[in-house]
Amino acid sequence: MNLLEPISMGIIQLRTNKLRSILSLLGILIAVGSVTGIVSLGEGLQSYILGEFDKMGGYSMIWSWAPDSWYRNESGNWVRRPWEEYLTYRDVEAIMAETNLVEYVIPHVWVNMGGTESNMQYRSASTYGSVESTSPYYIMEQNWRIAKGRFLNFFDMANKAKVCVLGSQLAEDLFGVSDPIEKEVKMGGMRYTVVGVMESKQFFDNNYNDRVMIPVTTAQERILGHDHLGYITVKAKSPEYVDEVVDAMKRVYRRYHDHGDEYNIRTGEGELEEINRVLLIMKAVAGGVAGISLIVGGIGIMNIMLVSVTERTREIGVRKALGATRSNILHQFIVEAVVLCLFGGMLGIGLGLIIGKAISIYITSITHMTFISLISPKLMMIAVGFSLSVGLIFGVYPAWRASRLDPVEALRHE
Amino acid sequence: MLIQMTNIAKNYEIGEEVVHALRGVSLSIEKNEYVAIMGPSGSGKSTLMNILGCLDSPSEGTYDLNGKAVSDMTDDELAEVRNKEIGFVFQNFNLLSRSDSLHNTELPLIYLGVSRKKRRELAIASMQAVGLGERMHHKPSELSGGQRQRVAIARALVNNPSIILADEPTGNLDSKTGEEIMQIFEVLHSKGNTVILVTHEPYIAEHANRVIHILDGQVDSDKATENAIRRANGEKVVI
């Protein structure tokens, strides 16, 4: 007996038992469907994040800040450093001078404009903005576009100008439908002229729209009264220059600071590893949860096959009387289980595609992220492989029971 | 000698008790014999039939079928013997209810490993031999009892076995249909087949040439029927 014979026999058997076959493959279908759907969403998410990361120039990015005042010592306790050092604009200029592989360096300073409920006013309207004191390169780094007016420029920087650019939500909160350009908003007791409004942007839970941008020099000299920088963002001209730029930054830090070796430097590559690790864990957890449903589906298959063996005892007896060997019977029932699972698995992939599509459309509609679920040939192979193994694993025992039946007993079975 | 049984015994253990279903049966059957095995229920004739049909192995004694020592065979070897040497016809037909007549008929050929095309040819020929050429694609439920038994006979014939072993083949049929089925066995016998009937109906046993009575697990009597004598005298026998 060749291999095709039990397969065609299995298909005939399953076709003659349509309702039962459908019901039992439903478990596998749902299991494979949910695994496929979830993993395809994960893959879609990953590709989306990596795409965004790439668009932001993430692979060329370096983030750096001064040694934190508190650090964890060898015994794991938090200790305050006896010294304090800061990044300043001198570091920015030195880095630019040290290497020509840098596209831009963006300084950032944290500023507290006061107020917990609101820190910005325009006439009677007030709102809460999160202040970003930075440089003109900021919008390039954030891959964010201007909707109206202009962004901060180098004249603003040089003049420590009292100007600001508003996120779309802030503009709406303060000005409603009227034009904010050239109007003055009040922040921390000073008036800033609105020179531009940004486009609406959302990236996961990063809300861009409640940000207000002012020149870093204005923040340092007019508000804070010192020249410290919170952190800097450095963009290498290309991802392959990142290592060289990091070396240049280290040289600069050592030259200008007593503890230059302890300055923090993070690269996009490192961030990416972190993102990928989180995504992998997420996919594994989701896949694992869905994988449990595969086991449930498999137990369903085993149950049905056991019922089927009992119900078809007589048939097994007849087949044995007509010359079926133990292995013929074993094959027949395993093949039935496998065909059932494979069929369920393939339909499940279809279902998974639909689930993934539906959820991604839903996510797109609520977050405006252009997000699509992805199903790779590899994923499909894995899904098919999984359903095949479920069929094999859960089909073996019932099939073994069938093959062990005594023909005389089986023929007598009512 | 087609069948040679020597001192066959079969014991079953039911709990503590040992039941002696067969207590030393010896018999031989030649090719192209037409034998009926008779006996009341509990006599051991079913056990004898199971052993003859290689569905069961004897506890003691030897059984040679076509020169092969069946009594020493493993399960899979027995399966092969059943497949090649024996054609079963059961009282309750034992057809696969969800398959059509043609598929039922070709079943033994599947286990023999015959190609699909050849299988189909042989099954069709076999069905035509029992007069069912028009009912290839009917399922058992769409056939009358007599037709079902014909399918079963076609299935038994399809491998061209050494023995056709029929266990109460008319037991579930009315007497007219039963007679029709017996006519088919008559024809098969006249074409050179070896037929063994198991029955408790004397008028069915009368069709055979030789009747073996089993009683209490032993051969009680073994003699030629009147029909055999008449056939031997060249008379045409119509029952």
Side-chain angles (χ1 to χ4, degrees), chain A residues 1-22 304 307-333 335-336 339-340 399-414, chain B residues 10 12 21 46-51 53-57 73-100 102-116 119 139-141 152 155-159 161 165 167:
Chain A
M1 209 157 80
N2 61 18
L3 188 70
L4 285 177
E5 207 54 65
I7 293 178
S8 74
M9 269 165 48
I11 291 170
I12 289 171
Q13 183 60 40
L14 298 174
R15 222 170 31 203
T16 51
N17 254 321
K18 275 193 204 77
L19 181 63
R20 177 193 293 177
S21 303
I22 290 167
I304 288 292
V307 169
S308 176
V309 168
T310 308
E311 201 190 67
R312 285 155 68 194
T313 300
R314 178 81 152 260
E315 176 196 324
I316 295 161
V318 173
R319 287 180 184 275
K320 285 200 155 186
L322 299 180
T325 59
R326 278 184 184 179
S327 63
N328 288 150
I329 302 291
L330 190 75
H331 288 163
Q332 181 191 341
F333 279 88
V335 164
E336 273 182 35
V339 167
L340 206 59
W400 180 80
R401 288 250 305 230
S403 75
R404 301 285 300 179
L405 286 173
D406 174 47
V408 175
E409 292 289 324
L411 278 169
R412 216 178 283 153
H413 189 88
E414 287 306 317
Chain B
K10 181 74 187 178
Y12 295 104
S46 293
T47 307
L48 181 59
M49 194 211 73
N50 288 338
I51 293 174
C54 299
L55 288 166
D56 211 347
S57 305
M73 284 185 176
T74 63
D75 281 2
D76 280 357
E77 287 168 331
L78 285 176
E80 195 185 331
V81 171
R82 290 196 292 271
N83 187 234
K84 290 182 178 162
E85 308 285 355
I86 295 161
F88 286 98
V89 179
F90 300 97
Q91 177 176 4
N92 46 22
F93 325 128
N94 274 336
L95 300 174
L96 303 189
S97 58
R98 295 188 181 99
S99 304
D100 64 13
L102 194 61
H103 183 75
N104 267 296
T105 305
E106 66 180 8
L107 214 49
L109 299 172
I110 290 177
Y111 295 117
L112 193 60
V114 178
S115 77
R116 188 175 285 258
R119 220 157 67 199
K139 294 200 172 146
S141 56
R155 181 178 69 185
L157 285 176
V158 78
N159 267 5
L165 194 56
D167 181 15

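To find a chain, count down the sequence lines: A is the first, B the second, and so on, and within it residues start at 1.
- Taking chain A as the reference chain and counting heavy-atom pairs below 4.5 Å, the highest number among Pro108(B), Gly87(B), Cys54(B), Ser97(B) is found for Pro108(B).
- Residue contact with chain B, scored on non-hydrogen atoms closer than 4.5 Å, involves the backbone and the side chain of Arg326(A) alike.
- Residue contact with chain A, scored on non-hydrogen atoms closer than 4.5 Å, involves the backbone and the side chain of Asn94(B) alike.
- The shortest distance between side-chain heavy atoms of Val114(B) and Glu106(B) does not fall below 4.5 Å.
- If you measure heavy-atom distances from Leu55(B) to chain A, the contacts under 4.5 Å come from both the backbone and the side chain.
- Contacts of Glu409(A) with chain B are absent, with no heavy-atom separation under 4.5 Å from either backbone or side chain.
- Arg82(B) places a side-chain N or O within donor-acceptor distance of the main-chain N or O of Lys320(A), the cut-off being under 3.5 Å.
- Counting heavy atoms from C-beta on, the side chains of Arg155(B) and Leu95(B) come closer than 4.5 Å.
- No donor-acceptor pair under 3.5 Å is formed between the side chain of Asn50(B) and the backbone N or O of Thr47(B).
- Comparing Pro407(A), Ser327(A), Ala321(A) by how many heavy-atom pairs each has under 4.5 Å with chain B, the most go to Ala321(A).
- Side-chain contact between Leu107(B) and Arg319(A): present, with at least one pair of heavy atoms (C-beta onward) separated by less than 4.5 Å.
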